[in-house]
Amino acid sequence: MLDIKFIRNNAELVKAAVKNKTEKADIDLLLKLDEQKKGLQFDYDTFRAEQNRVSKEIPKMKKAKQDVSDIIAQMGQLSETLKEITVRANEVEAEFDAILLTIPNVPHNDVPVGGEEDNEFVRDWGVKKEFTFAPKDHIVLSELNNLLDLKRAVKLSGSGFAGYTGNGAMLERALINFMLDFHINKHDYSEVALPYLVNRETMIGTGQLPKLEHDMYHVNEDDLFLIPTAEVPVTNLYSKEIMANVDLPKKHVAYSSCFRREGGSYGKDTKGLQRLHQFNKVEMVRFVKPEESYSVLDEMVNDAEDILKALGLHYRVLVLATGDLSFAAAKTLDIEVWAPGANKYLEVSSISNFEDFQARRASIRYRDENDKVQFVHTLNGSGLATPRTFISLIETYQNEDGTISVPKVLQPYLGGREVL
RNA sequence: GGAGACGUGUCCGAGUGGCUUAAGGAGCACGCUUGGAAAGCGUGUAUGCGGGUAACUGUAUCUAGGGUUCAAAUCCCUACGUCUCCGCCA
């Protein structure tokens, strides 16, 4: 969330951010409630100070055998007044908090304003692979090589679920292990493996709730949510903590399954592995000092790019425009990998700087060089999501006879095989 | 899942309604002492919100949320967590 002091001083900027992110939030009402809240807090503190002061006198007077019944009667009045103030303050605060949680992060000032069509090309690497034959798409290739079982997965769980079989399952597992090892050994991330089911507070911490409640799978009986990304448990790992200056930066990598209801997105890019309710992803998460977060953002984009370079897959990098930016992000870069069979780019990574937005929600702080307590900046990015990487990989490395070559870096993970 | 015990600051730990401004200890930081270190001595050692240029100050926080009371770490209720025993289980 945003600092209320920041909102007070930059109301117009925040309103513009809400509009540019196509969100809705009543800033004027929030500020009105803020004033009320401050007033009530002041009254409460004043009356409470009086109550505390007199409460200390009562035992002394009793000891001195003085009559305290009048004072106790007066204190009864004061006690009632305090109760009334508390009730009103709780109401105002609940409404205030509810609004504050729906205010999105403010985009960084170098983020292009606009919708998806305003996303800006940053760079690309490699070229679209040329074939001497007509390249097949991943569904045809999977059928030829028995890599996926899409029909039976649907039988198990419904549309939007996929199953990997045989070499397909092994290839997916190879990708995950390769990516984890790469980030751990070459980029110095430390691995964590955390729960896939998290509570409501955790989902609020990273900003999925309250906005995206209906996009999440929810276990009613325990009020737990299936994580849509490992970002959620990893970022919240240090919630309500104050880290020592020397503990920063922290770099974590985590592999997890991700669960998304994807309500409303039916019919769009749903073929095969393109959009799933459940998929696997390797996620990078960093906790850094505020002054470092933008250079770290670039570093993380490079970290993700390194995986695609090692796999020899052509990709491009984009900066998202304000309207395409997620609720909590200040700036996001997407990496899209080329899929020759599908003849299009597929998003495989989204790398974001949340600045102190998530840190405020989850209360993740650190003590700086001057011992001052400050919020950390959090960042995360996929490194990478497996299904679309899988698509690009088999489509790029397909041979004319329908077999699939294994890129050098994955061969150790597939028993040294050069062809699947 | 059943029964019981418990939850206090960075840690240990005292505290069964007002004498608590949460005792005492450990750790940590700084100072004194020392040739240097240890020991010793002294001082300091949380976070949020508000007031003040500041020193400082009001208030809240003893797992969390409610309640009782003039007054709650302390009494009551609920949730969560931890431990022990039983049951179940990869």
Side-chain angles (χ1 to χ4, degrees), chain A residues 1-9 30-101 193-205 209 218-225 233 236-248 257 287 356-376:
Chain A
M1 63 192 151
L2 297 177
D3 184 358
I4 184 61
K5 288 175 196 157
F6 177 85
I7 301 174
R8 277 178 209 148
N9 298 328
L30 181 85
L31 291 172
K32 205 181 105 197
L33 291 165
D34 177 46
E35 283 304 313
Q36 289 179 17
K37 193 169 125 199
K38 271 167 63 180
L40 287 164
Q41 183 66 46
F42 180 81
D43 291 348
Y44 179 87
D45 284 358
T46 309
F47 287 124
R48 188 70 170 138
E50 171 70 1
Q51 189 183 51
N52 285 340
R53 191 184 62 74
V54 177
S55 286
K56 267 176 214 158
E57 296 303 318
I58 289 174
K60 287 180 193 165
M61 291 172 71
K62 272 186 175 173
K63 223 174 192 173
K65 306 269 186 220
Q66 293 179 35
D67 180 23
V68 291
S69 51
D70 282 358
I71 291 181
I72 284 177
Q74 278 172 36
M75 286 297 100
Q77 282 295 313
L78 185 57
S79 186
E80 283 307 309
T81 309
L82 272 165
K83 250 175 215 166
E84 282 161 28
I85 292 173
T86 305
V87 168
R88 267 196 294 153
N90 286 345
E91 283 167 9
V92 169
E93 203 163 328
E95 201 181 344
F96 174 86
D97 289 346
I99 296 176
L100 192 57
L101 284 178
L194 301 172
Y196 288 7
L197 282 164
V198 297
N199 59 31
R200 193 168 279 278
E201 196 179 3
T202 301
M203 290 290 265
I204 290 171
L209 294 187
H218 180 241
V219 182
N220 257 319
E221 202 165 9
D222 302 290
D223 198 20
L224 293 173
F225 294 85
N236 281 285
L237 197 53
Y238 304 104
S239 68
K240 296 181 205 150
E241 293 189 25
I242 300 174
M243 302 183 202
N245 193 42
V246 294
D247 290 337
L248 288 178
S257 293
F287 302 84
D356 64 6
F357 189 83
Q358 294 181 324
R360 272 180 203 285
R361 288 186 159 229
S363 191
I364 309 166
R365 295 174 290 174
Y366 78 108
R367 229 174 268 282
D368 69 12
E369 338 21 79
N370 305 316
D371 267 358
K372 217 183 131 203
V373 174
Q374 291 201 47
F375 288 103
V376 303

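Naming: A, B, ... by sequence-line order, numbering from 1 per chain. Remember, it's a predicted structure, so these values are computed and weren't measured experimentally.
- Annotation: side chain of I4(A) is in contact with side chain of L30(A) (closest heavy-atom distance under 4.5 Å).
- Within the 4.5 Å cutoff, side-chain heavy atoms of L224(A) are placed close to those of N199(A).
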Return a table of donor-acceptor pairs under 3.5 angstrom between the side chains of residues 367-374 of chain A and protein atoms on other chains or two or more places apart.
unit_1: D368(A); atom_1: OD1; unit_2: N370(A); atom_2: N; d: 2.9
unit_1: D368(A); atom_1: OD1; unit_2: D371(A); atom_2: N; d: 3.1
unit_1: D368(A); atom_1: OD1; unit_2: K372(A); atom_2: N; d: 2.8
unit_1: D368(A); atom_1: OD2; unit_2: Q374(A); atom_2: NE2; d: 2.7

Could you list, one pair per line, each protein nitrogen or oxygen that sits under 3.5 Å from a nitrogen or oxygen of nucleotides 20-22 of chain B, together with the distance?
none

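- The partner of C28(B), taking Watson-Crick or G-U wobble pairs whose two distances both stay under 3.5 Å, is G44(B).
- Pairing for G35(B) is absent, with no Watson-Crick or G-U wobble pair whose two atom distances lie under 3.5 Å.
- If you check every strand for non-hydrogen atoms under 4.0 Å, V54(A) touches nothing.
- Between the P atoms of U59(B) and G40(B), the separation comes to 38 Å (whole Å).
- For residues 84-100 of chain A, no residue pair satisfies the side chain to side chain donor-acceptor pair (under 3.5 Å) rule, not counting sequence neighbours.
- Screening residues 44-56 of chain A for salt bridge (Lys or Arg N to Asp or Glu O under 4.0 Å), with sequence neighbours left out, gives E50(A)-R53(A).
- Using Watson-Crick or G-U wobble geometry with both donor-acceptor distances under 3.5 Å, U21(B) finds no partner in any strand shown.
- For E35(A), the salt bridge (Lys or Arg N to Asp or Glu O under 4.0 Å) test picks out no residue, with sequence neighbours left out.
- Distance CG (D43(A)) to P (G58(B)): 18 Å, rounded to an integer number of Å.
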> Using a cut-off of 4.0 Å between protein heavy atoms and nucleotide atoms, how would you tag nucleotides 62-76 of chain B 5' to 3' with B, S and -?
Replying inline: ------S-BSS----

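- Taking atom CG on N52(A) and atom C1' on C19(B), their separation rounds to 16 Å, with Å as the unit.
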